[in-house]
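Structure first, commentary second.
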Amino acid sequence: MTYAHETRRRRTFAIISHPDAGKTTLTEKLLLFSGAIQIAGSVKARKASRHATSDWMEIEKQRGISVASSVMQMLYREHVINLLDTPGHKDFSEDTYRVLTAVDSALMVIDAANGVEAQTRRLIEVCRQRDTPIITFVNKMDREVRDPLDILDEVERELGMPCVPMTWPVGQGKSFGGIVNLRTQAMTVFDSGSERLPQDFETIPLTEQAQLAERFGLEWQTAMDSMELATGASPAFDEAAFLAGQQTPVFFGSGVNNFGVMEVLDALVDLAPAPKPRTSSLLVNKQPVVKEIQPEDSAFSGVVFKVQANMDANHRDRIAFVRMASGKYTPGMKLKVQRTAKELRPTSVVTFLSQRREAVDEAYAGDIIGFTTHGGVQLGDTITDGANLQFTGLPFFAPELFMTVILKNPLRTKQLQTGLDQLGEEGAIQVFKPEIGGPMLLGAVGQLQFEVVQHRLKAEYDCDVRLEGCHYTGARWITADTPAELREFTNAYPQRMSLDAAGTLAFLCTSPYDVRLAQERFPKIHFHPLREHAGLALGSAG
């Protein structure tokens with residue numbers, strides 16, 4: 001049996017950008033135009049009860065930023081579109097990195113006034129490593145912004161790939177007249193206002209040159225000249241090059257004014273790829289054999305790329321987000337967690353519209369499904385309907401910042417343990433338990449992670465904690481060729497040994513020299529700056 005017809009209808013992509021480029025607003029508008037929501041929530045209107053659909057966590061509502069990635073599904077033009085909104089803030093880059101392993105393409109949002117910013121560069125790096133196709137949306141054209149040719153030039157330099165303009169702006173700021181759609185050969189006239197729908201905008205075919213020149217004057221002539229330069233210097237759109245991550249189609253618009261967004265939604269259906277095959281290692285006679293799993297294969301398989309605790313404060317639940325890689329999900333299926341070989345019988349399996357969940361009747365490769373779990377499922381776990389295979393590629397980075405957790409009320413020890421276990425499994429923070437005892441350590445990539453965890457421990461687990469600085473500045477996961485070598489090493493450094501949330505052994509460092517000295521003393525120990533799923537460390541030593 002093949003599910004090719006269903007998998008070809010799927011589009012699974014992430015929205016990436018620097019904070020404040022307008023990513024969450026654009027997410028809202030895509031949902032609005034596909035008919036998935038009736039009213040778009042403004043991210044800035046914090047006093048109102050209407051918050052952005054994709055920002056559900058209390059701290060996000062207070063700050064107006066995304067600190068947790070969220071998943072939304074919508075139906076548009078007979079296609080099932082799975083949209084993953086990622087945190088823009090650099091302190092949450094690990095969560096974003098993991099989300100990018102679960103998508104087939106990315107939509108990069110750029111602020112037209114600021115161009116390519118620091119966090120966008122980091123995310124581009126991740127996409128480049130995976131050859132993820134990128135569609136670019138240059139936002140906020142209704143403000144005073146940079147010249148579109150300058151922006152294209154910068155995007156090309158930063159991405160290391162040519163830009164192919166699909167729409168082109170006429171004017172900017174107060175004199176922003178609209179966009180020319182090079183695919184339909186027509187100009188859509190800009191009209192400000194967040195309540196407008198795509199069909200409300202006036203469209204003039206490019207054959208009406210005289211009318212356009214008279215109506216938009218100098219702005220029209222300038223736009224035509226720069227568009228000619230841009231299209232002359234750019235290659236023609238090449239589907240194979242785009243799918244290989246070697247060129248990016250570029251769109252211009254204003255998300256807050258609903259303008260230029262429909263063109264992006266159409267491009268996601270027309271240009272973005274359907275689910276791709278995924279590489280897995282299959283255990284044959286206890287030896288790993290690499291196999292490519294096709295999305296249309298009949299056997300169910302998927303990867304847990306996110307675990308989120310307490311999405312619903314009333315139920316204290318935890319949801320495992322699974323990106324399906326093959327097969328079909330139907331209610332009541334028997335599933336197996338490959339790491340533990342335990343059977344999983346999820347009772348409530350859902351798709352998402354951010355906080356709103358809908359029961360799944362069926363799902364196919366490319367879809368993101370979530371099921372309630374009470375433990376036993378971790379980030380990176382492979383879930384199948386029986387086959388012994390293991391997907392790889394979900395990384396955990398060694399943290400660079402550490403804090404000690406001090407509980408203000410010792411009677412809440414049990415709640416603190418539960419909170420740290422769950423937040424550690426979720427990947428919100430890395431939790432290290434020193435082997436010789438003593439307070440738990442939190443490891444983070446960015447400072448804001450500590451604030452979020454402290455806030456969540458109080459709000460979700462009723463644990464008031466104080467976070468204190470400690471002398472550790474890094475960690476390396478360790479493996480050895482034989483148990484005896486590992487034992488000798490751990491005996492030599494008992495105070496440096498700790499276990500992370502997945503029970504993987506880590507060596508805590510107080511300076512960059514620690515690893516070098518330990519490596520010289522124990523040349524047969526391998527130090528890993530990142531690990532994949534439990535028990536499997538990766539990366540070069542050092």
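In this view, Asp104 and Arg323 satisfy the salt bridge (charged side-chain N to carboxylate O under 4.0 Å, His left out) rule, not counting sequence neighbours. Take Ala274 and apply the side chain to side chain contact (heavy atoms under 4.5 Å, CB included) test, not counting sequence neighbours, and it matches Arg11. For Asn82, the side chain to side chain donor-acceptor pair (under 3.5 Å) test picks out Thr12, Gln73, Asp367, with sequence neighbours left out. Scanning for ring-ring contact (aromatic ring centres under 6.0 Å, His included) contacts around Phe402 gives Phe432, with sequence neighbours left out. Partners of Ala501 according to the side chain to side chain contact (heavy atoms under 4.5 Å, CB included) rule, which considers only residues two or more places apart in sequence or in another chain, do not exist here. In terms of the side chain to side chain contact (heavy atoms under 4.5 Å, CB included) criterion, residue partners of Asp111 (sequence neighbours excluded) are, by chain and number, Ala21, Ala113, Asn114, Glu117, Lys140. Here Lys328 pairs with Glu362 under the salt bridge (charged side-chain N to carboxylate O under 4.0 Å, His left out) rule; sequence neighbours left out. Gln246 pairs by the side chain to side chain contact (heavy atoms under 4.5 Å, CB included) definition with Ala241, Ala244, not counting sequence neighbours. Looking at residues two or more places apart in sequence or on another chain, you find a side chain to side chain donor-acceptor pair (under 3.5 Å) between Glu6 and Arg9, Arg10. Contacts of Glu435 classified as salt bridge (charged side-chain N to carboxylate O under 4.0 Å, His left out), with partners at least two apart in sequence or in another chain: none. In terms of the salt bridge (charged side-chain N to carboxylate O under 4.0 Å, His left out) criterion, residue partners of Arg412 (sequence neighbours excluded) are, by chain and number, Asp462.
Applying the salt bridge (charged side-chain N to carboxylate O under 4.0 Å, His left out) test to pairs two or more places apart or on separate chains, those with a residue in residues 260-269 are Arg77-Asp266.
Atoms NZ and OG1, from Lys29 and Thr27 in turn, are 11.0 Å apart once rounded to the nearest 0.5 Å.
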